[in-house]
Amino acid sequence: MQPAQPAQPVQPVRPEAPARPAPATPAAPAATPAVSGAPAVRKGAAPRKPAPGGEAPWDEPRRTPARGASRDEIGWVKAHGGAGASSLAETLGGVDVGARWPEPARGEPRRVMLVGRTSARGLRAVSRALGALQDGKAPQGIDLLGVVLIADAPGRLPLNLLRRIRVVRSVTHVHRVPWIPAWRTGGQPKYLPRQLGALADLVGTGTDGERTVS
């Protein structure tokens with residue numbers, strides 16, 4: 001009888017390593033819903049910076065026609081917000097064109113008066129608008145009658161502002177209008193100062209100075 005063979009050692013069974021989960025694929029960003037009426041933005045185009053104080057850039061006049069504008073009327077062009085063009089249009093007649101040069105070829109006023117306040121900001125805006133006009137950055141056919149500077153506060157102007165007005169006067173005619181308290185509250189003055197009467201004669205509205213406003 002043959003001797004029994006020695007038993008073979010049993011190899012331990014190693015547990016299988018759990019399978020690693022596959023990395024999650026990042027979800028695609030949700031598409032931004034289109035806003036009705038929003039202008040399309042070209043890829044790679046830099047956004048245009050707005051003009052300071054909400055003003056329209058004078059080298060790129062807006063294309064919205066002035067409501068009720070007529071080529072034969074006087075157009076009041078405001079150099080900046082709060083210049084007083086609306087008050088002049090309501091008092092003396094004409095059209096408040098807005099912060100841009102009108103386009104006579106489209107039936108808008110060709111005779112215009114540029115309006116600004118006597119503050120430092122107002123005089124800078126007036127100079128900027130006049131510079132754009134001199135550089136040819138305005139529609140053809142515009143007849144600038146002059147600049148109307150409305151007092152931004154009662155009392156005398158500081159010397160540095162008077163110097164700036166002299167610079168503007170060297171470029172075109174300047175018509176100064178004194179401080180009118182009623183315009184500050186959105187009303188109409190009971191009596192028009194003589195400066196407004198002279199301005200009315202210039203623009204052809206026929207208003208007499210120092211008259212009672214009905």
Side-chain angles (χ1 to χ4, degrees), residues 50-104 106-133 137-139 141-153 161 164-165 168-169 171-189 192-193 195-207 209 213:
E55 302 166 17
W58 286 102
D59 56 344
E60 297 177 5
R62 295 174 182 172
R63 296 297 178 183
T64 304
R67 182 174 300 178
S70 170
R71 195 172 186 275
D72 297 328
E73 289 184 282
I74 183 70
W76 305 100
V77 177
K78 60 182 179 182
H80 56 89
S86 299
S87 298
L88 288 172
E90 293 174 1
T91 304
L92 303 181
V95 179
D96 177 7
V97 179
R100 65 177 180 87
W101 296 115
E103 300 186 51
R106 303 180 64 190
E108 295 184 332
R110 61 179 181 83
R111 299 185 307 134
V112 299
M113 295 289 290
L114 182 62
V115 186
R117 293 284 179 173
T118 55
S119 62
R121 171 178 173 264
L123 294 175
R124 283 195 301 267
V126 167
S127 298
R128 187 163 53 248
L130 291 175
L133 184 62
K137 298 176 181 178
I142 289 180
D143 182 14
L144 179 66
L145 302 182
V147 172
V148 181
L149 295 179
I150 302 177
D152 64 307
L161 296 181
R164 293 191 179 190
I165 292 177
V168 176
R169 188 176 283 119
V171 177
T172 186
H173 298 289
V174 173
H175 308 272
R176 292 184 58 184
V177 176
W179 173 257
I180 300 179
W183 283 359
R184 188 179 190 185
T185 58
Q188 287 292 338
L192 295 182
Q195 292 90 337
L196 280 183
L199 187 59
D201 293 337
L202 175 65
V203 302
T205 57
T207 303
V213 179

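Residue indices begin at 1 and follow the sequence shown.
Using a cut-off of 4.0 Å between Lys/Arg side-chain N and Asp/Glu carboxylate O, R110 and E103 are scored as not salt-bridged.
In this structure, CD1 in I142 is found 13.5 Å from CZ in R111, a value given to the nearest 0.5 Å.
Side-chain contact between E90 and Q188 is present, with at least one heavy-atom pair separated by less than 4.5 Å. Side-chain contact check for V97 versus W76: every heavy-atom pair is 4.5 Å or farther apart. Between K137 and W101, every side-chain heavy-atom pair lies at or beyond the 4.5 Å cut-off. Residues L196 and L92 meet the side-chain proximity criterion, which asks for heavy atoms closer than 4.5 Å.
Looking only at distances, no side-chain donor or acceptor of R164 sits under 3.5 Å from a matching main-chain atom of R124. Panel note: side chain H80, backbone R117; a donor-acceptor pair is recorded below 3.5 Å. Judged by distance alone, the side chain of T91 and the main-chain N or O of L88 form no donor-acceptor pair under 3.5 Å.
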Item to complete: Check the pair L149, H175 against side chain to side chain contact (heavy atoms under 4.5 Å, CB included), reporting the backbone distance first and the verdict last.
Response: CA-CA 6 Å; L149 295 179; H175 308 272; over 6 Å; no

Discussion item. Is there a side chain to side chain contact (heavy atoms under 4.5 Å, CB included) between R176 and R169? Walk through the geometry before answering.
Written reply: CA-CA 11 Å; R176 292 184 58 184; R169 188 176 283 119; 4.2 Å; yes

Discussion item. Would L144 and L130 count as a side chain to side chain contact (heavy atoms under 4.5 Å, CB included) here? Give the steps.
Written reply: CA-CA 10 Å; L144 179 66; L130 291 175; 3.7 Å; yes

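For the residue pair V115 and A83, the shortest heavy atom distance occurs at O-CB, 3.4 Å. Contact record, A89 with D96: CB-N, 4.1 Å, taken as the closest heavy-atom pair. When all heavy atoms are compared, the tightest approach of P178 to I150 is O-CG2, 4.5 Å. Minimum interatomic distance between V168 and S127 (heavy atoms only, all atoms of both residues): CG2-OG, 4.1 Å. The heavy-atom pair separating T172 from G146 by the smallest distance is OG1-CA, 3.6 Å. A pairwise comparison of heavy atoms in P102 and P109 identifies CG-O, 3.2 Å as the closest pair.
Looking at residues two or more places apart in sequence or on another chain, you find a side chain to side chain donor-acceptor pair (under 3.5 Å) between T118 and D152. Legend: residues meeting side-chain contact (heavy atoms from CB on, under 4.5 Å) with L161, ordered by chain and number and at least two apart, are A120, L123, L157, P158.
No option in V126, L145, V148, L133 other than V126 meets the side-chain contact (heavy atoms from CB on, under 4.5 Å) test with L114.
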